[in-house]
J.: 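One structure coming up, written as structure tokens, with questions to follow.
Keep in mind that what you see is a predicted model, and the values were worked out from it rather than measured.
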Amino acid sequence: FHYYLCRQLKGGGMEIIMTLYEIPMEYMKLKDMVEDGEATAADIAGAAEELGGMLEEKLTAYAKVLAQVDGDSELLSSEIKRLQERKKEKEEKRKQLTEDMANAMASMDKKKVETAMFSFLVKDTSESLVVDVPDDVPETFYDATPKLNKTRLKQYLKKGNFVDYAHLERGRSLTIK
């Protein structure tokens, strides 16, 4: 029960190299050999233990990569937040500059100004709604859209009821400590 995926070590020994996907496949091959009568559990015990050790090493390496990915993700999240704040500042600055320009033109009774590079036109916009006290607005002005109560539907299905439009599904979670 030898493995062919090896790497020469500096000290002269050999190290088996397998991917996270290959380790379970090799383990399944060993189990199949026992089930088919080609080997006994005792025959493959060393190889199974070796595969278990490889799995532990791979999981540890993957956990280190996950930690790096998590760190990168957090860094990106903070950078996105910083850039969104900067964008908002720029948008507010643009709005303020535009208002200043329009106010300057209005104070001089100018609706239109043309320069060599730009043309400026101040005009009234359509009315927009400003709700001062949202709690005082009657329900007449609210839309009544039905919203699916997933908790209630899940409880209904957990009681053993079956429907064509939904089902319960169990996922899988990995916890790393």
J.: Is it possible for you to say whether Leu30 and Leu20 belong to one hydrophobic cluster, with membership spreading through side-chain heavy-atom contacts below 4.5 Å?
T.: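 Yes: a chain of side-chain contacts under 4.5 Å links Leu30 to Leu20.
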J.: How long is the straight-line distance from CE of Met18 back to CG of Leu55, given to the nearest 0.5 Å?
T.: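 Spacing of CG (Leu55) from CE (Met18) equals 11.5 Å.
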J.: Roughly how far, to the nearest 0.5 Å, is CG of Asp36 from NZ of Lys29?
T.: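 Interatomic distance, Lys29 NZ to Asp36 CG, rounded to 0.5 Å: 13.5 Å.
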J.: What distance do Leu51 atom CG and Met28 atom CE have between them, rounded to the nearest 0.5 Å?
T.: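 Rounded to the nearest 0.5 Å, the CG-CE separation comes to 12.0 Å.
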J.: Would a single hydrophobic cluster contain both Tyr62 and Met54, if residues Ile, Leu, Val, Met, Phe, Trp and Tyr are joined by side-chain heavy-atom contacts under 4.5 Å?
T.: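 Cluster IDs for Met54 and Tyr62 match.
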J.: Would you find a donor on one side and an acceptor on the other, under 3.5 Å apart, between the side chain of Lys110 and the backbone of Phe120?
T.: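 No, Lys110 side chain to Phe120 backbone: no donor-acceptor pair under 3.5 Å.
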J.: Kindly work out whether a path of hydrophobic side-chain contacts (I/L/V/M/F/W/Y, heavy atoms less than 4.5 Å apart) joins Leu129 to Phe141.
T.: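 Yes, because Leu129 and Phe141 connect within a single hydrophobic cluster, where side-chain heavy atoms sit under 4.5 Å apart.
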J.: One thing to verify: whether Lys95 and Glu91 come together as a salt bridge, which I'm taking to mean a side-chain N less than 4.0 angstrom from a carboxylate O.
T.: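 Not counted as a salt bridge, because no side-chain N and carboxylate O are separated by less than 4.0 Å.
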J.: Treating Asp43 as the side-chain partner and Thr40 as the backbone partner, does any N or O pair qualify as donor plus acceptor under 3.5 Å?
T.: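 Such a contact is found between Asp43 side chain and Thr40 backbone.
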J.: With sequence neighbours excluded, what pairs up with Glu127 under the side chain to side chain donor-acceptor pair (under 3.5 Å) test?
T.: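 Partners of Glu127 under the side chain to side chain donor-acceptor pair (under 3.5 Å) test: none.
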J.: Donor-acceptor pair, distance only, cut-off 3.5 Å: does the side chain of Thr60 make one with the backbone of Glu56?
T.: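 Yes: the side chain of Thr60 pairs with the backbone of Glu56.
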J.: Hydrophobic clustering (ILVMFWY, side-chain heavy atoms < 4.5 Å, transitive) - are Met117 and Met105 grouped together?
T.: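 Shared cluster, yes.
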J.: Rounded to the nearest 0.5 Å, what's the gap from OG on Ser77 to CG on Asp70? Could you check?
T.: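 Reported to 0.5 Å precision, the distance equals 10.5 Å.
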J.: Any idea which heavy atoms bring Ala48 and Tyr27 closest together, and the distance?
T.: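 Answer, listing the atom of Ala48 first, then Tyr27: CB-CE1, 4.1 Å.
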J.: With rounding to the nearest 0.5 angstrom, report the OG1 to NZ distance, Thr19 to Lys58.
T.: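 Separation between the atoms: 7.0 Å.
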J.: Pair Leu121, Val113 - check side-chain contact (heavy atoms from CB on, under 4.5 Å), show working.
T.: CA-CA 7 Å; Leu121 176 67; Val113 174; over 6 Å; no
J.: Would you check, one step at a time, whether the test side-chain contact (heavy atoms from CB on, under 4.5 Å) holds for Lys93 with Leu97?
T.: CA-CA 6 Å; Lys93 178 71 172 176; Leu97 290 172; 4.1 Å; yes
J.: Taking ILVMFWY side chains as joined if any heavy atoms are under 4.5 angstrom apart, and letting links pass through other members, which residues group with Leu157?
T.: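 Leu148, Leu153, Tyr156, Val163, Tyr165, Leu168, listed by chain and number.
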J.: Nearest 0.5 Å, what's the CD-CZ distance between Glu89 and Arg86?
T.: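 Going from the CD atom of Glu89 to the CZ atom of Arg86 covers 8.0 Å.
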J.: side-chain contact (heavy atoms from CB on, under 4.5 Å) between Glu85 and Lys81: does it pass, once the steps are laid out?
T.: CA-CA 6 Å; Glu85 289 170 1; Lys81 182 179 177 185; 3.4 Å; yes
J.: Could Glu79 and Arg82 be called an ion pair, given the rule that one side-chain N must be under 4.0 Å from one carboxylate O?
T.: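 Looking at Glu79 and Arg82, the cut-off is met.
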J.: Would you please test Gln84 and Ile80 for side-chain contact (heavy atoms from CB on, under 4.5 Å) and show each step?
T.: CA-CA 6 Å; Gln84 286 174 332; Ile80 287 169; 3.7 Å; yes
J.: If two hydrophobic side chains count as joined below 4.5 Å and joins carry through other members, does Leu76 share a cluster with Leu83?
T.: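 Not linked; separate clusters.
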J.: Around atom CD of Glu99, are there more than 12 heavy atoms of other residues, nucleotides or ligands at under 6.0 Å?
T.: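 Above 12, so yes.
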J.: My understanding is that only residues two or more places apart in sequence, or in another chain, count here; which of them pass side-chain contact (heavy atoms from CB on, under 4.5 Å) with Arg94?
T.: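 side-chain contact (heavy atoms from CB on, under 4.5 Å) check on Arg94 returns Thr98.
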